[in-house]
Visitor: 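Below: one structure in structure tokens.
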Amino acid sequence: MRIKTNTLGFRLILLFAAIMIPILAVLFAAGYYAKDVVLAQVSKSYQNLVNSNLQMIEKSLDDITTNMIDMVDHDENFQRFGRPGLSDSDYYFAQMGLIQRNQAYQAYYHTVDMFYAYSRPNDVLVTSNILGSTESYMDNIKNWITGSIHHPKSLEKLLYKWSIVRIGDEYFFNRILSDDLTNNAYIGALININSLKSALGSLNLQAGGDVLFVANDGIVLSSPSASLGEGFRLPADKMSKNSSFSLTEEHRRLFVISSQSPEIGINMAIVLPNSELLQGLNEFQTLVNLLPLFVFLILLLYLYIFRRTVIRPILKLLSAIHRIRGGAMETKLPDSNLVEFQSINHAFNSMVEEIQYLKIDVYEEKLNAQNAELKHLQTQINPHFFLNTLNIIYQLAELQRYELVKKTVRHLVQYFRFMLQSKRDTITLGQEMEHIRNYLEIQKMRYQDSFDFDIRISDEWLGACIPPLLIQPFVENAMIHGMSLKGESFTLQITAGPYEDKEGLMRIDVRDNGKGIPDDKLEELNSPEYAPASEDKHIGIWNVKKRIAMRYGGKAKIDLCHNEPKGFRVRMILPIEYI
């Protein structure tokens, strides 16, 4: 169905869309801009936090390294611990001194999980305890320490720097120092990577977030949270610089803030779920995404209300105007709840009533004018026929046909009696035929054997109603213009019956075998604009055409044509009416 673009409803939809679409576009842009701003602010805030913690870790490792160097260079117990040939008591006191000093430093440096010292001449490993650890866990760590020191290549990689090592399933920071002269004694520190997270224990991360320590190849060194999973890792190309980026992992959207410490070769990253980080913004974004639906529903409600309050009354008004244009003058508009439309409806109803009264007055005036004209046309027939009849009587008297004169006068008296008693608008076809028969009898008396007539109408049609003197003019014209005293006898025939082409109509034919009529004259008489040039010539035909046009409109017609094999024929098609 084609949409009409020139309607009031369509223009209102366009106006509403022109207002709402820019608003929705601004809301969408504001939502995404707010998300970018929040992510930038979060990234900046957490980046500062990560950098600060990495600096604290670096400083703490430097302090631990300084303490260990001081022990190697100045602590007598460490120096005696690596000497061979000490007595058991000297060795015992040196060992106890190292343990006490290491425990004191471990209590100060909470990030250090274990200090240890190893004497190569005595093959003795002294360690501080890891709180909460099991005996097997400690044995596993001690075995790794002694194995690393006994293996020259492994020991070379670990000496004099902080290194990331893996013991069992955990990663540690490890630093080993030795007496540079004899390399008989070693001192070291182990820091569990997970222990470095303790400084951030008060950090309030969203559900599913975590702080991770990551190697440069993206492997997670600290234990990830359960929400991230054991196999979680970060992309290696993002670990070489300070950055923030989004990551999709197992249908989850994560936001990562990472920073690297070149000194210790480790990355610190904070991982936050987008769903938690942007929870408020996501709800706002969801609301923005649903706004078109809300706007559409509001638009439908708005159009429904506007249609009921404005469009529907206008459509009713237009419909009423169309019905009145079609002639339904009884159309009325109902009362409206709106004052403006109520005034319009009352004004419209008043106008319709005035039009109706005016139309009735005009119609009555038109009827009166038509009746007056009809009466005038009927009176035009009477003197015309009277003169013709007097002419016949005169001719009969001249021929001294007195019996025929008396008979003609009797028919003439019956004719005038009919005229005086037939002031009605309609008569029956039988009454019209009796009137015509009187006329034809008069003509028969005049022409005797030279004229004959035949009226063939069944009884069922004699009761049909027609205007008076409708057939009489055509019979008179046939006698005046068709009859010739030379040649064969003149015959006039009148018939009536149903009209075969359409129901509800009757036909009346008047035929003769006379002289006929020229084609040009026949065309003139059949023309709708035909009017006689004078009142003496064919006034009867014009009179009948005028009367049936006034009475029947386009439902009736008169057809003039040649009769076969010769002569003239008049056919009248009239609606069937009965009293």
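Computed from a predicted structure; not experimentally measured.
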Visitor: Could you walk me through whether Phe245 and Lys238 pass side-chain contact (heavy atoms from CB on, under 4.5 Å), step by step?
Guide: CA-CA 8 Å; Phe245 56 91; Lys238 301 290 185 179; 3.5 Å; yes
Visitor: Tell me if a side-chain donor or acceptor on Glu432 pairs with a main-chain N or O of Leu470 at a distance below 3.5 Å.
Guide: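 At least one qualifying donor-acceptor pair exists.
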Visitor: What side-chain donor-acceptor pairs closer than 3.5 Å can you find for residues 18-29, not counting sequence neighbours?
Guide:
none

Visitor: Taking the side chain as C-beta and beyond, is there a heavy-atom pair between Ser319 and His322 under 4.5 Å?
Guide: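 They are not in side-chain contact.
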Visitor: Quick test of your reading: applying salt bridge (Lys or Arg N to Asp or Glu O under 4.0 Å), list the pairs with at least one residue in residues 495-504, sequence neighbours left out, ordered by first then second residue.
Guide: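 Residue pairs with at least one partner in residues 495-504: Glu500-Arg507.
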Visitor: Name the atoms and distances for all side-chain donor-acceptor pairs under 3.5 Å in residues 454-467, with sequence neighbours left out.
Guide:
residue	atom	partner	partner atom	Å
Asp454	OD2	Arg456	NE	2.5
Asp454	OD2	Arg456	NH2	3.1

Visitor: Please list every donor-acceptor pair under 3.5 Å in which a side-chain atom of residues 557-574 meets a protein atom from a residue at least two apart or in another chain.
Guide:
residue	atom	partner	partner atom	Å
Asp559	OD2	Arg569	NH2	3.4
His562	NE2	Asp519	OD1	2.7
Asn563	ND2	Asp512	O	3.1
Lys566	NZ	Glu488	OE2	2.7
Arg571	NE	Asp509	OD1	2.8
Arg571	NE	Asp509	OD2	3.4
Arg571	NH2	Asp509	OD2	2.9

Visitor: Output the distance between atom NZ (Lys444) and atom CG (Leu492), rounded to the nearest 0.5 Å.
Guide: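 So the gap between those two atoms works out to 12.0 Å.
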Visitor: If I take atom CE from residue Met351 and atom NE2 from residue His346, how far apart are they, to the nearest 0.5 angstrom?
Guide: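 With rounding to 0.5 Å, CE (Met351) is 14.0 Å from NE2 (His346).
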Visitor: For Asn513 and Phe490, run side-chain contact (heavy atoms from CB on, under 4.5 Å): C-alpha distance rounded to whole Å, both residues' side-chain angles, the deciding distance at 0.1 Å, then the answer.
Guide: CA-CA 6 Å; Asn513 60 347; Phe490 180 71; 3.7 Å; yes
Visitor: Who pairs with Lys406 by salt bridge (Lys or Arg N to Asp or Glu O under 4.0 Å), at least two apart in sequence or on another chain?
Guide: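 For Lys406, the residues satisfying salt bridge (Lys or Arg N to Asp or Glu O under 4.0 Å) (neighbours in sequence not counted) are Glu403.
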Visitor: From Tyr394 OH over to Leu399 CG, what is the distance, rounded to the nearest 0.5 angstrom?
Guide: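 Answer rounded to 0.5 Å: 10.0 Å.
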Visitor: Between atom CD1 of Ile517 and atom CG of Leu522, what is the distance when rounded to the nearest 0.5 Å?
Guide: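 Taking CD1 in Ile517 and CG in Leu522, the distance rounds to 6.0 Å.
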Visitor: So Val510 and Gln493, side-chain contact (heavy atoms from CB on, under 4.5 Å) or not? Walk me through it.
Guide: CA-CA 6 Å; Val510 179; Gln493 186 182 55; over 6 Å; no
Visitor: In terms of heavy-atom contacts, does CD of Glu523 have more than 12 from other residues, nucleotides or ligands at under 6.0 Å?
Guide: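 Counting neighbours around CD of Glu523, 12 or fewer heavy atoms of other residues, nucleotides or ligands fall under 6.0 Å, so no.
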Visitor: Between Arg410 and Glu441, does a salt bridge (Lys or Arg N to Asp or Glu O under 4.0 Å) hold up when you go through it step by step?
Guide: CA-CA 11 Å; Arg410 184 173 62 250; Glu441 287 290 346; over 6 Å; no
Visitor: So, using salt bridge (Lys or Arg N to Asp or Glu O under 4.0 Å) as the criterion, who are the partners of Glu434 when residues are at least two apart?
Guide: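 Glu434 satisfies salt bridge (Lys or Arg N to Asp or Glu O under 4.0 Å) with no residue once adjacent residues are dropped.
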Visitor: Is there a side-chain contact between Arg547 and Leu469, using heavy atoms and a 4.5 Å cut-off?
Guide: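 The answer is yes; the side chains approach within 4.5 Å.
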Visitor: Let me confirm one number: the OG1-OH distance from Thr426 to Tyr578, rounded to the nearest 0.5 Å.
Guide: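 Rounded to the nearest 0.5 Å, the OG1-OH separation comes out at 13.5 Å.
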Visitor: Could you measure the distance from the CD1 atom of Ile541 to the CD atom of Glu476? Nearest 0.5 Å is fine.
Guide: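 One gets 11.0 Å once the value is rounded to the nearest 0.5 Å.
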Visitor: With a 3.5 Å distance limit and no angle check, can you tell me whether Gln431 reaches the backbone of Thr428 through a side-chain donor-acceptor pair?
Guide: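 Present.
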